[in-house]
Every structure is written in C-alpha cells, then in structure tokens.
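The analysis underlying the following values was restricted to heavy atoms, covering all of them including side chains, and did not include hydrogens, waters or symmetry mates. Bear in mind that the values here come from a model prediction, so they are computed numbers and not experimental data.
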Amino acid sequence: FLWSWVPTAWTLGARIALVIKDAVIAILPAVLAICIVAAQRLDPSMWVGRTAKPNSALDINTRFILNTFEQFIAYFIGNAGLALYCPAEEARALIILTALFLLGRVLFWVGYHYNPYVRAFGFGLTFYPTVAVYLWLIIVMVFGITIRI
C-alpha cells in the first residue's frame, strides 16, 4: 500500500500538510525523551552537584534530545524541499523517509543506553537518508535533473 501511494491532490497546501504530518511523527522520540528527562531530573541519584552524572540515564537522554533536534532540523528542511520539488508519484518518499527517521532515532536511543558504540546504526539510519535527500535536491535545483526516487 505505501509503496504505490500517490496523493489525490498535490497542491502546495497538500505538500505542506504532508511535511507537517511527517514532522509530528518524526519528533515523537524527542518529545517522549523530554518527558522522561523531566521525571529523571527529580531523582537526586542522577546528579553530581548541579550536573547530571556522566553516562547516567539522565545524561544519555539529555544528549539524545540534543542530537535528535539537530538531526530533526536537517530532516525537516530536507523533507520540505523534497515536498516542493518531487512529483506526486514520488510523494511516498516523504513517508518512507519519515519512517526511517523514526526507526533510526529509536534504534539510536536504545543503542545509546545499551552501549554508546551501538548507537551508530541508528545514527546512520537517521542521517544518511537525509544526506541523500540533500544530494537529490542539489541535483534538481542546480542542474535541473530529476532522478526518480
């Protein structure tokens, strides 16, 4: 179903709406992490003085939130650019990229808690599709060459 999905209308409003819907889904791990950090900040065992204990769950979750917002900005701008330049037949790419972003963030978060080296797969799943979107956008905007997604 997802692979053959094409929007019924691909107006500017429909494009912006899809980008916003995707963004709401993509940012959910960060929102959840913020809720968790808010609760963890009330736990005195998570602190050394006024600083989070290094490598504590609070420290890891705080770094996860920062990294997720950094990644989200790049994802959001790329997704918006893709929505503006891709034809309706390629609109499913925005949903697929959002699913990859969401999955990547969850795997990054879980991996970070398990072992900081394990987070690399989730980071790659989040970051490299965004890089591919930017390369695609540069090719389309600068050279006018449209490559099927």
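With contacts defined as side-chain heavy-atom distances shorter than 4.5 Å, the pair V133/L137 qualifies. Looking at N61 and I34, their side chains never come closer than 4.5 Å, going by heavy atoms from C-beta outward. Looking at heavy atoms from C-beta onward, L12 lies in side-chain contact with L84 at the 4.5 angstrom threshold. Side-chain atoms of N55 and R63, non-hydrogen and from C-beta on, do get closer than 4.5 Å to each other. For the pair K53 and M46, the minimum side-chain heavy-atom distance is 4.5 Å or more.
Considering CG of L66 and CD of Q71, their distance stands at 10.5 Å, rounded to 0.5 Å. Note that the CG atom of L82 and the CG atom of L18 stand 9.5 Å from one another [nearest 0.5 Å]. Atoms CG and OG1, from L135 and T130 in turn, are 11.0 Å apart once rounded to the nearest 0.5 Å.
Considering only residues two or more places apart in sequence or on other chains, A17 meets the side chain to side chain contact (heavy atoms under 4.5 Å, CB included) condition with none of them. By the side chain to side chain contact (heavy atoms under 4.5 Å, CB included) test, A83 pairs with R15, V19, L94, sequence neighbours left out. Residues that satisfy the salt bridge (charged side-chain N to carboxylate O under 4.0 Å, His left out) test with R41, not counting sequence neighbours, are absent from this structure. Listed by chain and number, the residues in a salt bridge (charged side-chain N to carboxylate O under 4.0 Å, His left out) with D22 amount to none (sequence neighbours excluded). With sequence neighbours left out, A88 forms a side chain to side chain contact (heavy atoms under 4.5 Å, CB included) with V6, P7, W10. Checked against side chain to side chain contact (heavy atoms under 4.5 Å, CB included), V31 has the following partners two or more places apart in sequence or in another chain: I27. With sequence neighbours left out, the salt bridge (charged side-chain N to carboxylate O under 4.0 Å, His left out) criterion links R50 to no other residue.
Counting Ile, Leu, Val, Met, Phe, Trp and Tyr side chains that sit under 4.5 Å apart, directly or through other members, I77 shares a hydrophobic cluster with I73, Y134.
Pairs of residues two or more places apart, or lying in two chains, that qualify as ring-ring contact (aromatic ring centres under 6.0 Å, His included) and include a residue from residues 65-98 are F72-Y75, F72-F76, Y75-F101. Applying the ring-ring contact (aromatic ring centres under 6.0 Å, His included) definition to pairs two or more places apart or across chains, those involving residues 35-64 are F64-W109.
L32 and I25 are not part of a single hydrophobic cluster, where members link through side-chain heavy atoms under 4.5 Å apart. No continuous path of hydrophobic side-chain contacts links V118 to I60 [ILVMFWY only; heavy atoms under 4.5 Å]. One hydrophobic cluster, built from ILVMFWY side chains closer than 4.5 Å, holds both L107 and L100.
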Side-chain donor/acceptor pairs under 3.5 Å, residues 119-127, sequence neighbours excluded:
residue: R119; atom: NE; partner: P116; partner atom: O; Å: 2.8
residue: R119; atom: NH1; partner: Y112; partner atom: OH; Å: 3.1
residue: T126; atom: OG1; partner: R105; partner atom: N; Å: 3.4
residue: T126; atom: OG1; partner: R105; partner atom: NE; Å: 3.4
residue: T126; atom: OG1; partner: G122; partner atom: O; Å: 2.9

For residues 139-149, which side-chain donor-acceptor pairs fall under 3.5 Å, sequence neighbours excluded?
residue: R148; atom: NE; partner: E90; partner atom: OE2; Å: 3.2
residue: R148; atom: NH2; partner: E90; partner atom: OE2; Å: 3.4

Residue pair L58, D43: steps toward the side-chain contact (heavy atoms from CB on, under 4.5 Å) verdict | CA-CA 9 Å; L58 174 60; D43 183 359; over 6 Å; no
